[in-house]
Amino acid sequence: MESISNILRTFPFLGDSELEKEVLTHTTVMNAVEGDVLVREGQYLKVLPLVITGSLRVVQHSEERSILLYHVLPGETCIMSLSSCFFNAKSPTEAVAEAESEILCVPAGLIREWQRRFDPWNEFVIGTFQGRYNELLSLFSSVAFNNIEIRIANYLTNRCDRQQSNRVPITHLELANVLGTTRVVVSRILKRFEQEGKVKLLRSSIEVIDL
């Protein structure tokens with residue numbers, strides 16, 4: 001009962017009476033700790049992970065580098081996992097728990113069926129694709145028109161808005177990978193931001209004060 005309460009609080013659209021019955025009947029809840037790999041690159045997915053609590057980071061590996069693509073927060077799912085389930089394709093990315101997380105696992109075979117049967121689920125799927133598409137456009141615009149200082153500030157403030165917290169759990173290297181630059185450049189700019197009272201640098205996280 002506690003789990004279903006958490007699910008409906010995080011994903012209120014699942015409270016549709018018929019859809020809620022499907023959730024209770026067919027889905028499972030998985031608990032993950034920091035560092036657990038939920039999705040491995042190159043695997044076919046049997047379930048779609050929806051984040052109830054905690055967060056995931058989605059990365060792609062290239063030779064010896066790992067590039068952070070985005071984070072999945074409570075109330076969201078991974079667009080790459082959704083696409084893999086939808087088209088029965090191998091996952092091009094890896095999803096890792098950033099903290100202790102509770103994950104709702106939806107069987108991959110139900111995604112299309114629920115889209116046909118339940119408007120709230122269909123809107124969630126379309127909204128997920130649209131949201132990540134908008135992020136991609138925003139990222140392209142930022143790379144094309146903004147210098148790295150503005151891009152760092154924009155990324156941190158946007159993360160704060162999305163997760164409704166002024167503390168962003170990210171390392172300097174991860175931030176550099178997200179923005180397509182080097183850790184040295186990111187560390188230098190963040191240090192100056194800290195000296196100006198704009199951020200506070202913590203272990204594996206950044207506290208935003210006034211960007």
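When a residue number appears, it is its place in the shown sequence, counting from 1.
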- prompt: Would E18 and R117 count as a salt bridge (Lys or Arg N to Asp or Glu O under 4.0 Å) if you check the C-alpha gap in whole Å, the side-chain angles of each, and the deciding distance to 0.1 Å?
  reply: CA-CA 9 Å; E18 290 300 316; R117 293 175 57 194; 5.0 Å; no
- prompt: Any idea how W121 and F124 line up, ring-wise: parallel (<30°), tilted (30 to 60°), or perpendicular (>60°)?
  reply: tilted
How about [X] and [Y]: do any of their side-chain heavy atoms sit closer than 4.5 Å?
X: M30; Y: L38; value: yes
X: V51; Y: E76; value: no
X: L175; Y: V168; value: no
X: T93; Y: V39; value: no
X: S84; Y: P92; value: yes
X: E174; Y: R57; value: yes
X: I209; Y: K198; value: no
X: P169; Y: H71; value: no

task: Look at E113 together with R116 and state whether they make a salt bridge at an N to O cut-off of under 4.0 Å.
output: no
Working to the nearest 0.5 Å, report the span between [atom1] of [X] and [atom2] of [Y].
X: L14; Y: L8; atom1: CG; atom2: CG; value: 6.5 Å
X: L82; Y: T128; atom1: CG; atom2: OG1; value: 6.0 Å
X: Y70; Y: E135; atom1: OH; atom2: CD; value: 9.0 Å
X: H172; Y: S204; atom1: NE2; atom2: OG; value: 9.0 Å
X: N166; Y: D161; atom1: CG; atom2: CG; value: 11.0 Å

task: List the steps and the verdict of side chain to side chain donor-acceptor pair (under 3.5 Å) for N6 and R9.
output: CA-CA 5 Å; N6 290 338; R9 184 165 53 249; 2.3 Å; yes
Heavy-atom closest pair, residues [X] and [Y]:
X: I7; Y: I52; value: CG1-CD1, 3.6 Å
X: V199; Y: L201; value: CG2-CD2, 4.0 Å
X: I111; Y: C85; value: CD1-CB, 3.3 Å

message: Show, in sequence, the C-alpha distance, side-chain angles and deciding distance for R151 and Y155, and conclude whether the side chain to side chain donor-acceptor pair (under 3.5 Å) test is met.
response: CA-CA 6 Å; R151 290 167 57 199; Y155 178 85; over 6 Å; no
